[in-house]
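Following: one structure in structure tokens, then a few remarks.
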2 protein chains.
Amino acid sequence: MTFEEYKKKAFAEDPELYKEYKALEPEYEIIRQIIKARNELNLTQKELAEKIGIKQSNISRLESGNYNPSLDFLKKVAQGLGKELHIEFR
Amino acid sequence: MTFEEYKKKAFAEDPELYKEYKALEPEYEIIRQIIKARNELNLTQKELAEKIGIKQSNISRLESGNYNPSLDFLKKVAQGLGKELHIEFR
DNA sequence: ACTTAATATATCATATATGGTATAATAAAT
DNA sequence: ATTTATTATACCATATATGATATATTAAGT
């Protein structure tokens, strides 16, 4: 069973779980993309942090999920990854 | 001359201008989408604010541009507009 | 011209993000 | 098994976001 299948099953059984997952989707989206990009670029948290002039622990805190970053902070991280930040309301 | 044409001309003449515009692009992207969505839904700032349980002045401040919102705040606004927030590093 | 509605701006108290330091926990390398 | 590298977590001082209130300015309606 893949994680996608697991999610489907869990959400069908527990609508509250789905609701709470949905509310945090932007956070998961951000974390997935950052970790994926770091891996593609072969960057550690420490190296990414150095690129944007902060310490490693601040990248870890962002990737932990339990954190509410500002727009400016996300822009900095995007810059460190050589990317642009795009915000969409869909 | 459209605004797009004007931008092209201004940026060619002043690379520093382009750089500073680029740095603020996520903010402009957000503001454009919020105002567009409010207009499509025929919502005033006050009505959008009421939907998410804050005051009108806080929506105005966000739309002013000179403001650094948090992820949570942007999620609230998206919810008020009946939309989902999507963050992409491209 | 006047009134009402909508938006913008300033200010304040409080909550929280950011940057750091330190160090613990885990993973990878040897 | 041990060492090194990487990541996670806690805590702190400071900066700033959030929510409010108040009110000024601008736009729209009459």
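It should be emphasised that the depicted structure is a prediction, and the values quoted were computed from it without experimental measurement. Hydrogens, waters and symmetry mates are skipped; everything else that's a heavy atom, side chains included, is used.
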**OP:** Evaluate the criterion side chain to side chain donor-acceptor pair (under 3.5 Å) for residue pair B/Q33 and A/E88; output intermediate values, then yes/no.
**Re:** CA-CA 8 Å; B/Q33 291 176 84; A/E88 283 181 27; over 6 Å; no
Check: protein-nucleotides 28-30 of chain C nitrogen or oxygen pairs below 3.5 Å:
none

Subject >> Minimum heavy-atom distance between B/E29 and A/L85, given as atom pair plus value >> reply: OE1-O, 3.9 Å
Original post:
Has A/Y18 got more than 12 heavy atoms of other residues, nucleotides or ligands less than 6.0 Å from its OH?
Top reply: no
**OP:** Show your reasoning for whether side chain to side chain contact (heavy atoms under 4.5 Å, CB included) applies to B/E84 and B/Q79.
**Re:** CA-CA 7 Å; B/E84 289 171 6; B/Q79 186 205 347; over 6 Å; no
**OP:** For B/N66, look at atom CG and say whether over 12 heavy atoms of other residues, nucleotides or ligands are found less than 6.0 Å away.
**Re:** no
Original post:
Under a 3.5 Å cut-off on both pairing distances, which runs of 3 or more consecutive Watson-Crick or G-U pairs involve DNA chain D?
Top reply: C:1-30 with D:1-30
Original post:
Do B/E27 and A/D72 have side-chain heavy atoms sitting under 4.5 Å apart?
Top reply: yes
**OP:** In whole angstrom, give the distance that lies between atom NZ of B/K76 and atom P of D/dA17.
**Re:** 15 Å
Original post:
What residues in residues 39-50 of chain A put a non-hydrogen atom under 4.0 Å from any atom of DNA chain D?
Top reply: A/T44, A/Q45
Original post:
Given B/K51 and B/E47, is the salt bridge (Lys or Arg N to Asp or Glu O under 4.0 Å) satisfied, shown in steps?
Top reply: CA-CA 6 Å; B/K51 273 179 176 290; B/E47 286 164 340; over 6 Å; no
Subject >> Heavy-atom check, side chain of B/P26 versus side chain of A/K75, under 4.5 Å >> reply: yes
**OP:** Looking at every strand, decide which applies to B/Y67 at a 4.0 Å heavy-atom threshold: base, sugar-phosphate, or nothing.
**Re:** base
Subject >> Any side-chain heavy-atom pair of A/I54 and A/F73 under 4.5 Å >> reply: yes
**OP:** Under the salt bridge (Lys or Arg N to Asp or Glu O under 4.0 Å) rule, what do B/K55 and B/E50 come out as? Steps first, then yes or no, please.
**Re:** CA-CA 7 Å; B/K55 298 301 180 182; B/E50 275 164 5; over 6 Å; no
Original post:
When A/E63 is tested against each of A/K36, A/R32, A/R38 for salt bridge (Lys or Arg N to Asp or Glu O under 4.0 Å), which residue passes?
Top reply: A/R38
Original post:
Heavy-atom distance under 4.5 Å between the side chains of B/Q56 and B/T44, does that happen here?
Top reply: no
Original post:
Got more than 12 heavy atoms from elsewhere within 6.0 Å of CZ, A/F11?
Top reply: yes
Original post:
Partners of B/Y28 by ring-ring contact (aromatic ring centres under 6.0 Å, His included), sequence neighbours excluded?
Top reply: B/Y21
**OP:** Give one of base, sugar-phosphate or nothing for B/D72, where a contact means two heavy atoms less than 4.0 Å apart.
**Re:** nothing
Subject >> Whole angstrom value for the distance that separates C1' of C/dA6 from CZ of B/R38 >> reply: 9 Å
**OP:** Using a cut-off of strictly less than 4.0 Å between a heavy atom of the residue and any atom of DNA chain D, enumerate the qualifying residues of residues 53-63 of chain B by number.
**Re:** B/G53, B/I54, B/K55, B/S57, B/N58, B/R61
Any N/O pairs under 3.5 Å between the protein and nucleotides 24-30 of chain D? List them or say none.
none

Subject >> 4.5 Å side-chain heavy-atom contact, A/I31 and A/L62 >> reply: no
